[in-house]
Amino acid sequence: MHGRGRCAFTVLKYANTESEFKDHMRLSNYFLPVLKEVPKEAEIVSHRLMLRAGMISQQASGLYAWLPLGYKVLRKIQTIIEQEQARAGSVQMLMPTLQPADLWRESGRYDAYGKEMLRITDRHDRDMLFGPTNEEMITDIFRSYVRSYKELPLNLYHIQWKFRDEIRPRFGTMRSREFLMKDGYSFDIDKEASEKAYRRMFVAYLRTYYRMGLTAIPMKAETGPIGGDVSHEFIVLADTGESAVFCHEDILQKPIPPRDTDFTGDLTPIVDDWTSLYAATEDMIDMEEFERVVPEDKRIAARGIEVGQIFYFGTKYSEIMKATVTGADGKDVAVHSGSYGIGLTRLVPAIIEACHDENGIVWPISIAPFEVALLNLKIADEMTSKACEDLYSQLGTAGIDVLYDDRKDGAGAKFATADLIGIPFQLIIGPRGAKSGEAEIKNRKTGERQTVPLDQVVKTLSDLIIPERRDTI
RNA sequence: CGGGGUGUAGCGCAGCUUGGUAGCGCACUUGUCUGGGGGACAAGGGGUCGCAGGUUCAAAUCCUGCCACUCCGACCA
């Protein structure tokens, strides 16, 4: 049966069609517990705003419930990642959160990983663990099915919750213990082919972050516990970043590869261009080199948030776990692999760190939970409410993601809430405007306001919003 | 794991020094008036004062232990 059973009543009560159900929302039917005061535990701005905007709720140290508004952002981020992974030729799947310890004993990481790994025993007294990453499991799946070089290259990913029992979780979902991560794994016959896979992900990542409204800089990185030879971290500059980073200023102006980039072709020129200017994290920085190759007026020394990391690690896991394929010459060879991570639950605060002002969040349109906040300034006024209902319906039909503030509250409260939760455009209708057939559109980011005839509202908003969705670039 | 801090209503806090049956603001409920930047007035509801033990006629307050959260450091997507 279809999975709608339990929701059927809700669907019938609040929406007439699936499409109505999908994109827009009345605030009176929503769950948006905004906070006027700041919970004392929140230190950095993104954490404060996520709590105040009713996006997350802490359940224990480093564990968060994602409330509707936050979850909607998370889903939008996930969709962009899925689209760009598909474009780059990676195939989506889903692996479990719990894993058998034996797999990790095989790779030697069961002992190596230490206390950050959450170990669990099931009822049969078997050792299990809550997966902090999935190299072992994907390698096991690969070796179970793939025998021939003819089935390569292969690139698989999933988006799944991970757990690392951090000593000190902090900054909300920036550094939580449970976190949602996209992790992908490439399998290739040799190093050269594997490097191609690495470049595909490198380019996909540039596009992915750009589409979310971020400028993420690929920087030379340590390979850490994953191991391997080559690695880049993708870094978003922010004062609250956890690590010091160093780069050439011009790297911020590099062109983003367009959507028609041929991922089956040679991506070396793009990667070379992006890595031609110096960029390294504090772990990898060579100050002498930095000062030698970057002119003084182009040097950026800042703090950054890591929002993704890609590794080429060769045969590290395939050798020890015997993930081999038979080559054209009839000989078995261990496959070359890489892994490619993006921290979704970290991206949300990272974007907020980059996009906010004193009144609240300022979402980039492509990942905003709603594109328009329709503010009915006087719910008791018939003309006003009629105009709002019409616009609400029209915007829904036009495929614009709109949140209709139909609560009984005063105007000030509605403005404050809309500003706080960061909806890119406020569509403001009050008795004055309803009478004269006009609405006001406020740009959350610039503060600009324009007055528009009611019958021009949908077109005006569509023209403002659609190009900024960044889904056709 | 080392060093600090904090636990009192949903949130933010006062009360603790000097023990005497718990208070403020916001939020919530009801009503009236409001209605272009978190509105006003009135009347209400809500607490095992983190947990356990001890001292005392009496503990939010003093003592002991524990727990949770949090900040700084080492560690990390």
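The figures that follow rest on heavy atoms only: side chains count, while hydrogens, waters and symmetry mates do not. Order of the sequence lines sets the chain letters (A, B, ...), proteins ahead of strands, with each chain counted from 1.
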K.L.:
Considering only atom C1', compute the distance from B:U21 to B:C57 and round it to an integer number of Å.
P.N.:
14 Å

K.L.:
In this structure, how many angstroms lie between the P atom of B:C75 and the OH atom of A:Tyr113, rounded?
P.N.:
15 Å

K.L.:
Between B:G36, B:C76, B:G38, which nucleotide gets closest to the side-chain atoms of A:Val34?
P.N.:
B:G38

K.L.:
Check whether the side chains of A:His232 and A:Tyr198 place a donor and an acceptor atom closer than 3.5 Å, and report yes or no.
P.N.:
yes

K.L.:
For a quick test of reading the model: is some side-chain N or O of A:Lys36 closer than 4.0 Å to OP1 or OP2 of B:A27?
P.N.:
yes

K.L.:
I'd like the C1' distance from B:G20 over to B:G39, given in whole Å.
P.N.:
42 Å

K.L.:
Between atom CD in A:Glu41 and atom P in B:C11, what is the gap in whole Å?
P.N.:
9 Å

K.L.:
With A:Lys162 as the cation and A:Phe130 as the aromatic partner, state whether NZ or CZ is under 6.0 Å from the six-membered ring centre and within 45° of the axis.
P.N.:
no

K.L.:
Using whole Å, report how far CZ of A:Arg52 lies from C1' of B:C11.
P.N.:
11 Å

K.L.:
If I take atom CZ from residue A:Arg432 and atom CD from residue A:Glu440, how far apart are they, to the nearest 0.5 angstrom?
P.N.:
8.5 Å

K.L.:
Indicate, with a heavy-atom threshold strictly under 4.0 Å, whether A:Glu43 touches base, sugar-phosphate, or nothing.
P.N.:
sugar-phosphate

K.L.:
Quick check for you: among B:G36, B:G38, B:C76, whose closest atom lies nearest to any side-chain atom of A:Phe415?
P.N.:
B:G36

K.L.:
Closest to the A:Arg175 side chain: B:G35, B:C76, B:G12?
P.N.:
B:C76

K.L.:
Base, sugar-phosphate or nothing for A:Ile428? Non-hydrogen atoms, less than 4.0 Å.
P.N.:
base

K.L.:
For B:U70, does either OP1 or OP2 sit under 4.0 Å from a side-chain N or O belonging to A:Arg168?
P.N.:
no

K.L.:
For B:U70, does either OP1 or OP2 sit under 4.0 Å from a side-chain N or O belonging to A:Ser61?
P.N.:
yes

K.L.:
So what does A:Thr417 hit on the nucleic acid, given a heavy-atom distance under 4.0 Å: a base, only sugar-phosphate, or nothing?
P.N.:
base

K.L.:
Do A:Val307 and A:Ile235 have side-chain heavy atoms sitting under 4.5 Å apart?
P.N.:
no

K.L.:
Return yes if the base of B:G35 and the side-chain atoms of A:Arg407 contain a donor-acceptor N/O pair under 3.5 Å, otherwise no.
P.N.:
no

K.L.:
Whether A:Gln58 contacts B:U70 is assessed here as follows: a side-chain N or O lying under 4.0 Å from the phosphate OP1 or OP2. Is that the case?
P.N.:
yes

K.L.:
Examine the side chains of A:Gln83 and A:Arg211 and answer whether a donor and an acceptor come within less than 3.5 Å of each other.
P.N.:
yes

K.L.:
Using whole Å, report how far CG of A:Asp381 lies from P of B:G36.
P.N.:
12 Å

K.L.:
Which nucleotide sits closest to the side chain of A:Arg164: B:C76, B:G36, B:G37?
P.N.:
B:C76

K.L.:
Taking the P atom of each, how far is B:U48 from B:U6, in whole Å?
P.N.:
23 Å

